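Just so it is clear, the structure is predicted and the values come from calculations on it, not from any experiment. By convention in this document, chain letters (A, B, ...) are assigned in the order of the sequence lines, proteins followed by strands, and residues within each chain are numbered from 1.
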Amino acid sequence: MSFDPVRVRAEFPIFSRKIRGKEIAYLDSAATSQKPAAVIDAMDAFYREHNSNVHRGAYVLSEEATAMFEETRGKVAKFIGAPSGDGIVYVRNTTEAINLVACAWGRKYLKAGDEILLTEMEHHSNFVPWHQLVKDKGLVLRHIPITDEGRLDLAALDRVLTKKTRLVSICHASNVLGTINPVAEITAAAHRAGALCLVDGAQAVPHMRVDVAAIGCDFYAFSAHKMCGPTGIGVLWARPELLKDMDPFMVGGETIVEVHLDHSTFRDPPHRYEPGTPAIAEVAGLEAAIAWLEKTGIDAVHAHEASVTAYALKRLLEIPRLTFYGPRTGPRGGVACFTLDDLHPHDLATCLDQDNVCIRAGHHCAQPLMRRLGVVATARASFYVYTLPSEIDRLIESLNRAREFFGCR
Amino acid sequence: MSFDPVRVRAEFPIFSRKIRGKEIAYLDSAATSQKPAAVIDAMDAFYREHNSNVHRGAYVLSEEATAMFEETRGKVAKFIGAPSGDGIVYVRNTTEAINLVACAWGRKYLKAGDEILLTEMEHHSNFVPWHQLVKDKGLVLRHIPITDEGRLDLAALDRVLTKKTRLVSICHASNVLGTINPVAEITAAAHRAGALCLVDGAQAVPHMRVDVAAIGCDFYAFSAHKMCGPTGIGVLWARPELLKDMDPFMVGGETIVEVHLDHSTFRDPPHRYEPGTPAIAEVAGLEAAIAWLEKTGIDAVHAHEASVTAYALKRLLEIPRLTFYGPRTGPRGGVACFTLDDLHPHDLATCLDQDNVCIRAGHHCAQPLMRRLGVVATARASFYVYTLPSEIDRLIESLNRAREFFGCR
Amino acid sequence: MSLESLYQEIIMEHFKAPRNRGEITTPDVSISMNNPFCGDEITLHLSLQNGRIADVKFRGRGCAISQASASLMTELFKGLPLANASTFASTFKKMMRGEAKSNETEPLGDLVALEGVRKFPVRVKCALLAWSAFEEGVKGKK
Amino acid sequence: MSLESLYQEIIMEHFKAPRNRGEITTPDVSISMNNPFCGDEITLHLSLQNGRIADVKFRGRGCAISQASASLMTELFKGLPLANASTFASTFKKMMRGEAKSNETEPLGDLVALEGVRKFPVRVKCALLAWSAFEEGVKGKK
Ligand SMILES: Cc1ncc(COP(=O)(O)O)c(C=O)c1O
Ligand SMILES: Cc1ncc(COP(=O)(O)O)c(C=O)c1O
């Protein structure tokens with residue numbers, strides 16, 4: 001079955017909505033994706049037909065909910081190339097996944113003088129949890145710099161990856177530059193140096209085939225809401241051997257074997273890390289999102305995005321006085337960051353909104369990268385499986401109208 | 001408008017489902033409640049019409065989502081009698097709320113020798129986070145004992161509440177005994193002793209009018225999924241003055257003001273405690289749940305439950321060799337815990353499931369209380385706004401069938 | 001699935017009159033385990049002689065399924081070489097996962113009555129409790 | 001709401017030619033602030049004399065709204081008693097929350113052009129940035 005973008009788009013109910021009498025050109029999928037009817041309906045059906053708490057009920061509803069909840073671990077594992085569901089921990093989002101590693105692994109194993117290696121292009125979610133740990137533990141943070149084109153400067157790796165590096169934590173794809181990082185290569189280097197490797201896959205899993213076994217990494221994090229799934233659920237995959245020995249993070253019901261008045265003992269992973277009633281309906285939504293992406297074909301999704309992105313880059317670069325950030329060639333993700341003349345991205349975004357062209361303006365939770373690029377904020381258009389070339393045309397027209405309105409040269 | 005249980009029940013789609021050709025008698029609402037169509041539809045509508053990330057987008061969808069997300073804080077506050085939405089932190093569930101206080105407040109302010117006072121009837125979620133803290137910090141845990149009838153033994157308060165007590169953390173209503181604790185009185189005693197008071201309202205907010213201002217407590221925690229709302233969202237209310245000075249807990253996008261390569265600075269509450277993309281659709285669901293409970297009338301809900309519970313107690317106590325746990329008189333919550341002869345609660349639950357009577361069997365995440373009661377597990381039937389007396393009749397019939405099947409005396 | 005197919009006669013019989021309940025004074029293996037879902041507990045004692053299970057006893061609190069499973073297990077194990085017992089344990093677990101063929105389960109004898117538990121997923125852990133305790137207890141023994 | 005009602009002529013004029021940009025060599029008040037949503041920054045300098053704002057300058061990077069708002073604010077403040085400036089700041093914030101009556105906002109003069117920002121909720125913080133910096137900077141001063 002060939003990929004038909006118009007038919008795919010028709011599966012997303014939100015695009016039948018009109019604002020100011022016009023369709024929405026939603027170019028902010030890097031912030032969160034829209035959801036196909038199949039995902040919305042799956043959660044709906046859960047609440048209407050199967051809703052109950054998991055794990056403890058000896059009745060049909062609870063058995064159904066539990067089976068769905070646990071079997072989805074295996075489906076998630078398969079989707080990202082992990083050997084089994086044992087390494088799948090349900091979390092709220094990518095941010096929580098990284099906090100979990102920082103606390104449950106980092107607090108247990110790291111000591112003063114140990115080094116953590118990040119990159120200059122990380123999302124705040126892959127900076128701030130480490131900042132906390134660095135402060136508490138006396139660790140040292142290092143960063144892989146980026147080239148002017150917006151790729152990791154791997155020539156610098158020898159300098160920043162040292163014998164003291166205990167963890168390398170990097171994004172698989174940048175939410176600003178669109179760069180896709182060579183995570184397998186970096187993982188191999190990390191392992192040679194005796195360090196573990198965490199990959200922040202928030203911008204990768206929705207858009208391309210991910211294979212954690214092939215990457216070889218130790219931790220992999222992503223969020224459902226950016227991959228056609230619901231809010232409130234994300235995944236930390238970790239090697240089961242690592243999960244087994246890490247400390248508990250948040251604790252409570254579900255995480256324990258025995259509770260006494262003054263102490264408790266903990267269950268095996270993954271449940272050890274899933275405190276309290278989990279996001280059950282959201283797991284049903286995640287399952288549906290994965291099924292939908294598999295049905296649509298993740299390679300087809302990637303190819304479609306690549307062609308839309310190539311078209312967008314071509315059209316954007318024709319605009320006078322537009323500064324573009326990130327690689328212009330080679331495989332890259334579907335985000336296009338830019339500034340226009342001396343127009344502030346906020347003013348631009350507000351102008352575009354008048355035409356229902358939804359872009360993001362700001363630092364994109366990547367202030368350190370913004371500083372490296374010498375800006376405070378940029379405009380960002382980002383694309384997904386449902387993006388049509390006609391939406392790129394609307395973006396360009398709207399940018400031109402904004403230039404006129406603000407009297408750009 | 002008077003309360004019509006049959007009409008109310010008709011608003012819950014799950015009750016039109018038949019299993020083995022029969023309707024479901026869902027008597028496990030203390031584990032999680034069923035959801036009215038209004039709540040399911042609100043989330044559906046969010047995804048179909050308004051879905052977008054919050055806080056950053058300068059376009060209509062994002063403005064709508066942000067307004068809904070932030071305005072719901074005020075509605076939640078009003079629902080629990082809090083003066084404003086400033087003290088409302090969105091969390092995953094009650095368990096996360098308590099972990100948040102243990103980490104963000106407890107780790108900052110408590111030191112070796114300080115005491116925390118719990119009760120013997122707490123849910124694991126109000127034991128385990130403190131066990132972790134006690135171990136790390138050298139604190140002392142104390143417990144308010146319970147009477148044989150299953151009430152807090154307030155006569156013992158003088159002994160367990162000491163000059164060293166820094167926090168009293170107690171459930172508003174017990175998920176096992178049904179006891180409703182005098183939380184205002186205990187908060188006053190805590191404050192007199194110079195301690196703060198956290199109330200675990202997981203079993204109270206769904207069932208009765210809660211007024212945190214009248215209680216006077218410092219922290220109040222609850223979960224949406226037990227109050228007709230979705231999974232994946234809960235609330236920590238805290239006095240804004242306390243929130244202001246607590247340490248960050250989990251960190252990342254949304255929690256920060258400035259991120260540099262090696263350090264970051266944090267935002268004001270409540271956002272400081274809400275890391276990454278939040279459970280946005282779930283907040284829409286929570287808003288709808290509150291609106292539904294307000295429309296139905298929380299006092300009417302409480303009165304309905306009281307009458308169903310009274311009927312259930314009367315019928316249960318007629319059964320020979322049934323041991324009942326918890327107060328039999330006075331205001332109490334809608335849970336009925338019992339054991340039958342020497343029948344194991346698991347066997348009982350499986351028998352009842354054959355008749356589509358859904359009860360819970362086990363320790364109900366309250367192992368310390370089970371030990372106090374001298375049992376390993378009990379059966380538990382729990383009631384809510386949609387429970388009908390005819391379901392109690394089915395419970396009793398089914399229990400009698402089980403007695404016969406297992407040849408009880 | 002009916003109640004009768006879960007609680008077969010042989011199960012009810014072992015539940016009501018469990019074999020080998022008690023303790024061994026100086027056991028070679030003593031192991032306690034519990035089921036975190038329901039709090040059910042078991043303590044299993046083994047005495048070993050020349051690689052055989054000379055005696056086996058259990059104590060515990062639990063449901064009909066877990067008690068009958070423990071009783072039937074001890075009955076099967078008494079006098080058996082440890083290696084055979086371990087094979088039986090693997091077969092039993094396989095059966096509970098629905099992965100065992102009927103010719104494989106035959107040697108389990110009366111324990112086959114527990115196959116019906118498979119249709120009651122939350123109860124599978126009840127049936128397995130004694131077996132998990134056994135496997136944990138003899139880990140590393142030959 | 002149309003773009004024209006947001007970016008009124010007076011706003012565009014102040015954005016393109018902001019007044020009082022720069023620094024004061026030895027300011028009595030110097031305060032920097034940023035908007036966590038977009039990273040916009042402002043640094044505000046005041047020199048005070050006998051409870052009056054003798055001079056005021058700002059620097060910053062930001063959008064048309066935040067720059068025009070800062071420019072208009074400094075224009076209004078220069079020479080004003082500090083107390084009056086604080087009152088204006090309260091009135092301005094009230095206006096942005098939609099809580100000010102029109103007779104209250106009149107003294108704000110050209111700043112009333114910013115009232116349209118109210119219809120663009122995420123942009124309200126842009127309009128308020130300079131004012132928040134002012135309030136933070138003079139906190140505790142008389
Ligand atoms: C009294 C009490 N506290 C806390 C909890 C934990 O709630 P959650 O699982 O939503 O975190 C429960 C739920 O069973 C409860 O009954
Ligand atoms: C690269 C990257 N990492 C992490 C995150 C954080 O994801 P979440 O907000 O779902 O936790 C994002 C989302 O913007 C991202 O783009």
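- Here the CD-CG distance, from A:Gln354 to D:Leu6, works out to 8.0 Å after rounding to the nearest 0.5 Å.
- Residues passing the side chain to side chain contact (heavy atoms under 4.5 Å, CB included) test with A:Asp353 are A:Arg20, B:Tyr59, B:Val60, sequence neighbours excluded.
- In terms of modelled atom types and a separation under 3.5 Å, the side chain of D:Arg61 and the main chain of A:Ala377 share no donor-acceptor contact.
- Within a 6.0 Å sphere centred on NZ of D:Lys93, other residues, nucleotides and ligands contribute 12 heavy atoms or fewer.
- A:Asp347 places no side-chain N or O within 3.5 Å of a backbone atom of D:Cys63 that could act as its donor or acceptor partner.
- In the displayed structure, A:Lys22 atom NZ is contacted under 6.0 Å by more than 12 heavy atoms of other residues, nucleotides or ligands.
- For the side chain to side chain contact (heavy atoms under 4.5 Å, CB included) test, residues two or more places apart in sequence or in another chain that qualify with A:Ser223 are A:Asn93, A:Thr94, A:His225.
- Remark: A:His363 NE2 to D:Asp40 CG distance equals 9.5 Å, nearest 0.5 Å.
- No more than 12 heavy atoms of other residues, nucleotides or ligands shown are found within 6.0 angstrom of CG on D:Asn50.
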Checklist entry - side-chain contact (heavy atoms from CB on, under 4.5 Å) between A:His346 and D:Ile65: does it pass, once the steps are laid out? => result CA-CA 9 Å; A:His346 261 194; D:Ile65 304 298; over 6 Å; no

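- The two residues A:Phe406 and D:Lys16 come nearest to each other via the heavy atoms O-NZ, 3.0 Å.
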